[in-house]
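A quick note: this is a predicted structure, and the numbers were derived from the prediction, not measured. Just so you know, residue 1 is the first one in the sequence shown, and it goes up from there.
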Amino acid sequence: MESTAREMAAAVRSRAVSARELLDLHLERIAARNPELNAIVSIDEERARAAALLADEALAAGHEVGPLHGLPFAVKDTHRLAGWRTTYGSPTHAEHVADGDDLLVERIRGAGVVFVGKTNVPQFAAGSHTFNPVFGVTRNPVDPSRSAGGSSGGASCALAAGMVPLADGSDMGGSLRNPASFCGVVGMRPSLGRVPEWPLYNQWETTSVGGPMARNVDDLALLLSVLAGPDPRAPQALGDPGSAFAPPLGATLAAPLTGLRIAYAGDLGGTLVVDHEVSAVVRGAAERFAAAGAEVSEAHPDLAVADDTFRTLRAWHFQAKYGALLAEQPDAFKPSLAANIRAGESLTGADVARAYRQRTALSEEMRRFFERYDVLLLPTSQVPPFPVDQEYPATINGQEMPDYLAWMRSAWAITVTGCPAISVPAGTTAAGLPVGVQLVAPHGADRRLLEIAAGFEALA
């Protein structure tokens with residue numbers, strides 16, 4: 001059985017194992033699994049070994065160390081890591097070397113990790129299947145003929161295969177949650193403002209957030225304690241310190257799940273087409289909650305305007321960020337991404353204003369909904385891992401999907417509410433492919449959501 005990240009960090013701090021020994025174990029796993037799976041890219045063993053030596057020397061000298069001291073870590077390739085090749089999965093940046101850290105990476109570095117490389121992504125993190133013309137495709141660690149999801153597909157695959165103990169990611173339309181479901185790990189999209197990001201081309205654009213991934217909920221909380229907290233460079237950051245997430249969840253889980261008010265939305269009120277096997281797993285999760293004493297009701301918030309809201313804001317964001325680059329190098333973009341960028345060209349100020357009005361209404365809808373329920377339970381992904389040679393599933397239960405976003409509605413409909421959401425492993429298909437369930441809580445209730453997820457994880 002794999003040690004948890006908390007156990008590894010404690011072992012390094014107590015000097016029961018050295019950072020160099022821990023690195024060697026992970027490099028062995030990377031050598032064994034990565035050639036087939038292609039989860040970690042831009043690996044630099046020499047630099048990693050030098051960092052592990054420094055980590056051991058710091059402990060030997062009695063220096064105070066961070067909560068992740070000595071843990072091997074690979075950063076998502078859309079996050080800048082100073083001095084490392086950072087490609088964004090795009091041929092336009094194939095040889096780009098970052099000249100600084102993103103704030104999220106700065107915090108991970110400060111916590112004492114040993115960087116080993118980057119995790120693979122789709123081009124500019126667009127789409128929930130990880131492939132790009134720079135590094136190729138990332139495969140599912142359970143069945144390499146299947147997708148690992150995306151855009152944090154390299155991260156989720158590396159975690160599930162034991163190549164790293166923790167991983168960072170980002171999530172606009174499900175990029176922390178979908179790959180977690182596909183690979184059988186835990187991925188959380190935090191509340192808006194929980195994990196501040198810097199630098200950004202637009203500090204007021206809030207569809208994408210950074211967040212943590214791990215093999216279990218308690219480890220995920222440990223990484224969130226490092227990532228969360230205010231920063232003067234991020235004006236929308238929540239003021240709560242990250243230390244609120246540091247205590248082990250088992251020590252603060254106030255009560256069993258008895259009396260917890262669960263809203264079970266297997267197809268979100270008939271607005272989702274969900275694969276039959278996925279539906280069975282989500283229904284089974286609701287039944288486990290009920291058996292544990294939770295009050296489970298079939299209920300859902302009204303998210304009808306989420307479609308127009310998300311698609312408008314995504315197209316506006318993509319055009320603003322990548323429109324000029326697409327005009328310069330049109331052949332460097334995959335067709336689905338290019339189409340999404342061009343969809344933003346015809347948007348008017350009135351279109352964007354409408355999307356923000358609707359987003360405000362969605363936030364208010366969720367606030368009222370969570371006056372009656374503690375948590376919303378629904379599918380993370382509407383499908384199990386699909387064949388690795390497909391860009392996205394063309395059909396679900398025989399129903400055609402119109403584009404590469406339609407099959408991810410279960411994730412991005414939650415995105416535009418601003419609420420925290422977590423994917424937790426819940427079961428498998430008949431073929432043994434992982435399926436996660438998505439738990440959603442009120443904005444700001446991230447710690448409570450983690451406690452509920454840990455309670456469900458114990459049941460599952």
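- Judged by distance alone, the side chains of R177 and Q438 do bring a donor and an acceptor atom under 3.5 Å apart.
- Of the possible polar contacts, none joining the D44 side chain to the V116 backbone as a donor-acceptor pair under 3.5 Å is found.
- The aromatic rings of W407 and F386 sit perpendicular, their planes meeting at an angle over 60°, well past the 30° parallel limit.
- Salt bridge annotation for D102-R107: absent, with no cationic side-chain nitrogen under 4.0 angstrom from a carboxylate oxygen.
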Before giving the answer on side-chain hydrogen bond (donor to acceptor under 3.5 Å, both in side chains), spell out for T380 and S181 the whole-Å C-alpha distance, their side-chain angles and the decisive distance to 0.1 Å.
CA-CA 7 Å; T380 299; S181 179; 4.7 Å; no
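- Salt bridge annotation for R85-E95: present, with a cationic side-chain nitrogen under 4.0 angstrom from a carboxylate oxygen.
- The distance from atom CG of L260 to atom CD of E295, rounded to the nearest 0.5 Å, is 8.5 Å.
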For N132 and N120: C-alpha separation, side-chain torsions, deciding distance, then whether side-chain hydrogen bond (donor to acceptor under 3.5 Å, both in side chains) applies.
CA-CA 9 Å; N132 63 66; N120 203 25; 2.9 Å; yes
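- Listed for the R288 side chain is a donor-acceptor partner under 3.5 Å among the backbone atoms of A426.
- R409 and T271 form a side-chain donor-acceptor contact under 3.5 Å, judged by distance and modelled atom types alone.
- Ring geometry for H129 against F131 counts as tilted: the plane angle lies between 30° and 60°, on a 0 to 90° scale.
- The salt bridge (Lys or Arg N to Asp or Glu O under 4.0 Å) search around R29 returns E2, not counting sequence neighbours.
- Between H93 and F124, the distance from one ring center to the other falls under 6.0 angstrom.
- Between D101 and R80, none of the side-chain N atoms (NZ, or NE/NH1/NH2) sits under 4.0 Å from a carboxylate O, so this pair counts as no salt bridge.
- Judged by distance alone, with hydrogens and angles left aside, the side-chain atoms of S128 form a donor-acceptor pair with the main-chain N or O of G150 at under 3.5 Å.
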Please lay out, stage by stage, how S151 and S175 fare under the test side-chain hydrogen bond (donor to acceptor under 3.5 Å, both in side chains).
CA-CA 5 Å; S151 62; S175 290; 2.8 Å; yes
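- One N or O on the side chain of D143 and one on the backbone of S145 form a donor-acceptor pair closer than 3.5 Å.
- Both cation-pi conditions hold for R47 and W84: the charged atom is under 6.0 angstrom from the six-membered ring centre and inside a 45 degree cone around its axis.
- The closest side-chain donor-acceptor pair between S279 and E277, if any, does not fall under 3.5 angstrom.
- Residue I108 holds its CD1 atom at 6.5 Å from CZ of F115, rounded to the nearest 0.5 Å.
- The backbone N or O of E400 sits nowhere less than 3.5 Å from a side-chain atom of T395 that would complete a donor-acceptor pair.
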Give the C-alpha distance, both sets of side-chain angles, the deciding distance and a yes or no for side-chain hydrogen bond (donor to acceptor under 3.5 Å, both in side chains) between T206 and R359.
CA-CA 11 Å; T206 55; R359 191 167 195 196; 2.8 Å; yes
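- Remark: R447 does not engage D240 in a salt bridge, criterion side-chain N to carboxylate O under 4.0 Å.
- Here the CG atom belonging to D168 is positioned 8.0 Å from the NZ atom belonging to K76, to the nearest 0.5 angstrom.
- Using a distance-only test at 3.5 Å, with no hydrogens or angles considered, no donor-acceptor pair links the side chain of S3 to the main chain of E7.
- Here F245 contributes atom CZ and D218 contributes atom CG; the two are 13.0 Å apart, rounded to the nearest 0.5 Å.
- Salt-bridge annotation for D56 and R15: absent, with no side-chain N of the basic residue lying under 4.0 Å from a carboxylate O of the acidic one.
- A salt bridge links E451 with R448: at least one charged nitrogen is closer than 4.0 Å to a carboxylate oxygen.
- Panel note: side chain R146, backbone P385; a donor-acceptor pair is recorded below 3.5 Å.
- Sequence neighbours left out, not one pair with a member in residues 8-49 passes ring-ring contact (aromatic ring centres under 6.0 Å, His included).
- Under the 3.5 Å distance criterion, the side-chain polar atoms of N178 are left unmatched by any main-chain donor or acceptor of M408.
- Of the possible donor and acceptor atoms, none in the side chain of Q123 sits under 3.5 Å from a partner among the backbone N and O of S90.
- Between atom CG of residue N38 and atom CZ of residue R33 there is a gap of 13.0 Å, rounded to the nearest 0.5 Å.
- A donor-acceptor contact shorter than 3.5 Å is absent between the side chain of T258 and the backbone of G293.
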